[in-house]
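Working notes, structure below.
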2 protein chains.
Amino acid sequence: MYSKELLKGTLKPILLKLLSDRGAMYGYEIVQAVKQMSLGKIVIKEGSLYPLLHALLAEGILETESRKVDGRTRKYYALSKKGKTETVSALGELEDFMSTIKLILTTKPTTQL
Amino acid sequence: MYSKELLKGTLKPILLKLLSDRGAMYGYEIVQAVKQMSLGKIVIKEGSLYPLLHALLAEGILETESRKVDGRTRKYYALSKKGKTETVSALGELEDFMSTIKLILTTKPTTQL
DNA sequence: TATTGATACATCATTTATCTATGCATCATA
DNA sequence: TATGATGCATAGATAAATGATGTATCAATA
């Protein structure tokens, strides 16, 4: 797990990317997938994920459908049409941001003002 | 400027990297340097920077020295010995985090569970 | 058969990094 | 003499994520 705050702002694009790749997913599955893909380094908390899912649902970015599997209810979330557009811009922004950070981190010390 | 929250957790390592590269710097100079290096995309607010500088000073990560230049007071901050160690781990963590995000963002859609 | 751990959803209070807004002061310029 | 750039500072607001907690089903095990 990374120091508390780095994750901020990255959860939403990560979620959108996952749904974009895999189609409909349910909460528990999302947590496991992120944990697995990040080699255990990113563990989304339920207290973070469910409010985010509900918010994106309310925004019309996600659509939902409940299915009963082995006596347990799973609530599947998928990208709406609007959500697919949103995903493109969210991922673009994150990648842009990361290159900016990378730029600062890799600037040679000799580059003085 | 990026959407509000992405910056969270990155300000400290960015600051440490800057001081590590350039030695002692003062607040206003730091804001300008980050703005310039990020091509205007990252603008640190004074309300964010000064409390951070004071906190790092209190932690013994930074050392300070005031100089009067052209009638204006500049408060220079530099890494302490402890701060140099801290910088190494902070930058390491940020880079590790970024590769993890990159890993998730670039995973091929065909990689299903 | 009782307990534990995994599965599955949910909410509420707390934390905390950053921003907004504001304040003060000096200097250069128009 | 007003404005913008330089320079430091703080207090209150914002909002994302966490921690803590709750409910319930199912599988494994002791």
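Sequence lines set the chain letters: A, B, ... in the order given, protein chains first and strands last, and positions in each chain run from 1. Quick note: numbers below take in every heavy atom, side chains included, and nothing from hydrogens, waters or symmetry partners.
Residues A/L56 and A/K12 have side chains in contact (heavy-atom distance under 4.5 Å, counting atoms from C-beta outward). Taking the side chain as every heavy atom from C-beta outward, B/H54 and B/Y77 approach each other to under 4.5 Å. The closest side-chain heavy-atom distance from B/Y50 to B/L53 is below 4.5 Å. Between B/L62 and B/S80, every side-chain heavy-atom pair lies at or beyond the 4.5 Å cut-off.
Going from atom NZ of B/K75 over to atom C1' of C/dT26 covers 18 Å, rounded to whole Å. One interatomic measurement links the two molecules: CD of B/E29 to C1' of D/dC8, which rounds to 14 Å at whole-angstrom precision. Distance, A/K68 NZ to D/dC26 C1': 12 Å, rounded to whole Å. Across the protein-nucleic acid pair, A/E46 atom CD and C/dC12 atom C1' stand 14 Å apart, rounded to whole Å. Atoms CD (B/E5) and C1' (C/dT15) sit 13 Å apart, rounded to a whole Å. Summarising the geometry, the separation between CD1 on A/I14 and P on D/dA17 is reported as 9 Å, rounded to the nearest angstrom. In this structure, the CD atom of B/Q32 is 9 Å from the P atom of D/dG7, given to the nearest Å. B/R67 has its CZ atom 12 Å from the P atom of D/dC8, to the nearest Å.
Of the side-chain N and O atoms in B/Y26, one or more sit less than 4.0 angstrom from OP1 or OP2 of D/dG7. For C/dT20, the OP1/OP2 oxygens have a side-chain nitrogen or oxygen of B/K45 closer than 4.0 Å. The phosphate of C/dT11 (OP1 or OP2) has a side-chain N or O of A/H54 nearer than 4.0 angstrom. In this structure, B/Y50 reaches the D/dC8 phosphate: one of its side-chain N or O atoms is under 4.0 Å from OP1 or OP2. The phosphate of D/dA5 (OP1 or OP2) has no side-chain N or O of B/Y28 nearer than 4.0 angstrom. Applying the 4.0 Å criterion to OP1 and OP2 of C/dC19, one finds that B/S48 has a side-chain N or O inside that range.
Note on B/G27: only backbone sugar-phosphate atoms sit closer than 4.0 angstrom, heavy atoms only; bases stay farther off. Across all strands, B/Y77 comes closer than 4.0 Å only to sugar-phosphate atoms, never to a base (heavy-atom distances). As judged by a 4.0 angstrom heavy-atom cut-off over every strand, B/L52 is placed among residues making no nucleic acid contact. Residue B/R74 is in sugar-phosphate contact alone, with no base atom involved, counting any heavy-atom pair closer than 4.0 Å across all strands shown. When heavy atoms are screened at a 4.0 angstrom cut-off, B/G47 is found touching base atoms of the nucleic acid.
The residue among A/V69 and B/R72 whose nearest nucleotide of DNA chain C is located toward the 5' end is A/V69. Between A/T10 and A/G71, the one whose closest nucleotide on DNA chain D sits nearer the 5' end is A/T10.
Of the candidate nucleotides C/dT7, C/dC9, C/dA17, C/dA17 has the atom nearest to the side chain of B/K8. Here the nucleotide nearest the side chain of B/P51, chosen from D/dG7, D/dT10, C/dT7, is D/dT10.
Taking 4.0 Å as the cut-off between side-chain N and carboxylate O, A/R67 and A/E65 count as a salt-bridged pair.
Remark: of the listed residues B/I61, B/D21, B/L91, B/I61 is the sole one forming a side chain to side chain contact (heavy atoms under 4.5 Å, CB included) with B/L16.
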